[in-house]
Amino acid sequence: MVTGLSVLVLGAGGIGHAVVTNLETGIERIDPFKDMKNRPRAGTGTNLLLVGTDGRDRITAQEKQKYRLGGTPCHCTDTVMLVHLSADKERASIVSLPRDSYAEVPEHTDRNTGEQHSAHPVKLNAAYAEGGPNLTVRTVEHMTGVKVDHYLEVDFTSFMKTVDTLGRVKICTTRPLKDSYTGLDLPAGPHELNGGQALQYVRSRHIDGAADLGRMQRQQKFLASLIEQATSSGVLLNPVKFRDVASTMLSSVRADKGFGTEQMLELGQAMRGFSPASSEFTSVPMENVSYPVKGIGSTVKWDEAKSQKLFRALREDKPLAPARPKQPKAVEVAVAPGQIRVQVYNGTPRDGLGRTVDDALRTTGFDTTRAPLNGELRDLKRTLVTYDPRWDRSAKSLAAALPGAELRAVRGQGATMRVTAGTDFEKVQRVRAEETDSGEFGTVTGDQVACP
C-alpha cells in the first residue's frame with residue numbers, strides 16, 4: 001500500500017534520476033520469483049502484489065500499548081492486494097484478496113523447517129508463513145491466473161511512519177466505529193488520523209458482523225483517502241517534502257529486484273495526473289464466507305465463475321467499475337435522500353424562501369412534499385430540523401444537507417422530517433448514500449469512498 005503510493009509521486013516536480021537512485025538504495029531487496037516455472041502468460045499493463053505483514057519488531061513499547069499491537073506476530077500476511085496499473089497509466093484497479101481465502105499452495109520447501117511439502121490446502125495468509133514471498137506469489141498466480149510483475153511488502157512500522165510523514169489522513173464515517181481488540185474508537189463524522197490511529201482503522205475487524213470483509217472495505221477507503229492526501233497536499237511539488245515522504249516509504253519496504261530506478265521514474269512520470277477517481281477498488285467475488293475445511297477451520301471460498309471473469313478483465317486491461325457520468329462532490333450519509341420525506345416551512349419574512357429550500361432539497365434527491373408552508377415562527381435565525389427519534393439516522397442525513405442547522409427531536413412526529421428555514425440558510429449541500437451502483441464486481445472508485 002505504501003509503496004503503491006510512492007509510485008504516484010516518483011518523478012514529480014523535476015525529481016531526477018540521481019535522486020531516485022539514492023532513494024532506491026534504502027529498499028530491502030528480495031527475489032520472490034526465484035526458480036518459478038509454468039507461470040501465467042503476461043497480460044497488458046503492470047500487476048503488483050501488495051502485501052502487508054504483521055511485523056512489529058521496530059515498534060516501541062509505548063506504541064504497542066497505545067495502539068494495541070502486543071502479542072506474538074504470526075509472520076503471515078495481514079493484507080493482500082492485487083494492483084493492476086493500466087497500460088496507459090491512467091487507471092489503477094485494486095483487488096482485495098481475503099486473507100482467509102481457501103487456497104491450495106503448490107509443493108514447496110518450508111522456509112522455517114526445511115521440510116518438503118506437497119501441494120495442500122491452506123488459508124491464503126498461511127502461504128507467507130510457510131514459504132515467504134515466493135510461495136505467496138506462486139499461490140496468488142495459481143489462484144488468479146494473473147502474472148505478478150512486482151512484489152511490494154510493508155509491515156506495521158512502515159505503515160505508521162509513512163502516514164505520519166505524509167501528514168494526517170482524513171477519514172469520514174457515517175456511524176460510530178469501535179473495536180475493543182485494536183482500541184479503535186471513532187464517533188460518526190470526519191476524522192484526521194495519525195499513523196497509529198490509521199493502523200487501528202485498517203486492522204479493525206470486530207466492529208460488526210462483516211469481520212474481514214468490512215475491514216477490506218475500510219482499507220480501500222483509507223487507501224483512496226491516502227491517495228487524495230498525496231495528490232492534494234503539495235507533496236508532489238515540494239522536493240523537500242517529497243524526499244522526506246519517499247525516503248520514509250522506501251526505507252521500510254521489501255521489494256523485488258526488478259522494481260528499480262527506471263521502473264519508478266517511468267511509473268511516476270506517467271502518473272503525475274493520478275487522482276482518487278483514477279483508482280477503482282473491489283474484493284474478489286465470494287461464494288461462501290464460512291467454508292469449513294478439515295484441519296484448517298472456516299475459510300472464504302471464492303465464486304469460481306465470477307472471480308475468473310474478474311481476473312480475465314485484469315489480464316485484458318479492462319476497467320472494473322461501470323462507466324458513470326462525472327458527479328459533483330457530495331457528503332456521504334447513512335440514508336439515501338430518496339428515502340427521506342421532508343416538509344419545508346419558511347421561518348422568516350422572506351417571500352419564497354420555503355420554495356427555494358424545497359426545490360434545492362428535491363434537486364439533491366430528497367422526497368419533499370413540494371408544498372412548502374409558512375412556519376409558526378417568522379423570525380427564526382437558525383434553520384431547524386425536527387424529527388421523530390425513531391428516524392434519527394434519516395434526520396442526521398438530512399441535517400448533513402443543511403450545514404449549521406439545528407436538530408431537535410420531537411416524539412410522535414412520525415416519519416416525515418420538518419425543515420423550518422431560518423435567515424442563516426445559504427444553500428443545500430449535496431449528499432449521497434453509502435450504497436452506490438458498484439457494477440458487476442462490486443467496484444467503487446476512489447472519489448466515491450474518499451471524504452468529499
Side-chain angles (χ1 to χ4, degrees), residues 66-68 163-164 166-210 214-229 232-233 276 281 327-337 339-340 342 361 364-366 382-409 417 419 422 424-436 444 446-452:
K66 184 175 182 179
Y67 300 118
R68 310 283 179 90
V163 173
D164 286 335
L166 185 62
R168 289 173 175 262
V169 174
K170 187 176 181 181
I171 287 294
C172 298
T173 175
T174 58
R175 61 186 179 87
L177 301 179
K178 192 167 185 177
D179 186 336
S180 59
Y181 288 82
T182 64
L184 180 73
D185 189 3
L186 297 178
H191 306 276
E192 292 187 351
L193 308 183
N194 64 23
Q197 294 167 329
L199 186 60
Q200 289 177 311
Y201 179 79
V202 299
R203 290 186 64 226
S204 292
R205 57 193 297 265
H206 299 280
I207 292 174
D208 50 35
R215 184 175 72 157
M216 287 191 301
Q217 292 173 345
R218 287 187 289 276
Q219 289 170 351
Q220 294 168 354
K221 179 178 286 191
F222 179 83
L223 184 52
S225 297
L226 193 66
I227 293 172
E228 171 72 17
Q229 172 73 1
S232 64
S233 63
F281 300 86
Q327 297 287 342
K329 285 191 173 182
V331 175
E332 188 178 88
V333 294
V335 181
Q339 299 177 20
I340 302 174
V342 182
L361 287 171
T364 308
F366 288 95
R382 183 182 177 190
T383 298
L384 175 66
V385 177
T386 62
Y387 67 98
D388 190 310
R390 291 177 295 170
W391 284 273
D392 61 322
R393 292 173 68 243
S394 294
K396 291 176 183 177
S397 298
L398 174 59
L402 298 164
E406 177 188 353
L407 270 174
R408 184 181 299 170
M417 308 287 123
V419 173
D424 67 335
F425 174 80
E426 293 182 356
K427 66 175 184 177
V428 169
Q429 168 69 49
R430 290 187 62 87
V431 296
R432 66 165 185 247
E434 290 181 293
E435 299 81 12
T436 58
V444 294
D447 57 322
Q448 290 178 288
V449 293
C451 289

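By convention here, the first residue in the shown sequence is residue 1. The basis for the numbers below is simple: all heavy atoms, side chains too, and nothing from hydrogens, waters or symmetry mates.
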>> Under the criterion side chain to side chain contact (heavy atoms under 4.5 Å, CB included), I'd like the reasoning laid out for Ile340 against Trp391: C-alpha separation, chi angles, the key distance, then a yes or no.
In response: CA-CA 9 Å; Ile340 302 174; Trp391 284 273; over 6 Å; no

>> Working to the nearest 0.5 angstrom, can you tell me the gap between Leu199 CG and Phe222 CZ?
In response: 9.0 Å

> When rounded to the nearest 0.5 angstrom, what is the spacing between CE in Met417 and OG in Ser394?
Replying inline: 5.0 Å

>> Holding to salt bridge (Lys or Arg N to Asp or Glu O under 4.0 Å), I want the full list of residues that pass it with Arg408, two or more places apart in sequence or in another chain.
In response: Glu406

> Can you find a heavy atom in the side chain of Lys170 that is under 4.5 Å from one in the side chain of Cys172?
Replying inline: yes

> Any idea which heavy atoms bring Val385 and Leu398 closest together, and the distance?
Replying inline: CG1-CD2, 3.8 Å

>> One pair to check against side chain to side chain contact (heavy atoms under 4.5 Å, CB included): Arg168 and Gln197. What are the steps and the verdict?
In response: CA-CA 10 Å; Arg168 289 173 175 262; Gln197 294 167 329; 3.6 Å; yes

>> Could you measure the distance from the CG atom of Leu361 to the CD atom of Gln429? Nearest 0.5 Å is fine.
In response: 12.0 Å

> Checking Thr383 side chain against Ala405 main chain: does a donor-acceptor pair fall under 3.5 Å?
Replying inline: no

> What are the two closest non-hydrogen atoms of Gln200 and Leu184, and how far apart are they?
Replying inline: NE2-N, 4.0 Å

> So how far is it from Asp424 CG to Leu402 CG, rounded to the nearest 0.5 Å?
Replying inline: 9.5 Å

>> I want to check something: taking the side chain as every heavy atom from C-beta on, are Arg430 and Val331 in contact at a cut-off of under 4.5 Å?
In response: no

> Would you say the side-chain atoms of Arg203 pair up with the backbone N or O of Thr182, donor to acceptor, closer than 3.5 Å?
Replying inline: no

> Quick one: side chain to side chain donor-acceptor pair (under 3.5 Å) partners of Asp392, sequence neighbours excluded?
Replying inline: none

>> Using every non-hydrogen atom in the two residues, find where Val335 and Val333 come nearest and quote the distance to one decimal.
In response: O-CG2, 3.3 Å

> Between Ser204 and Arg218, which heavy-atom pair has the shortest distance, and what is it?
Replying inline: O-NH2, 2.8 Å

> In Å, rounded to the nearest 0.5 Å, how long is the span from CG of Leu186 to CG of Asp179?
Replying inline: 10.5 Å

>> Quick check: closest heavy atoms across Val431 and Ser397, and the distance to 0.1 Å?
In response: CG1-O, 4.4 Å

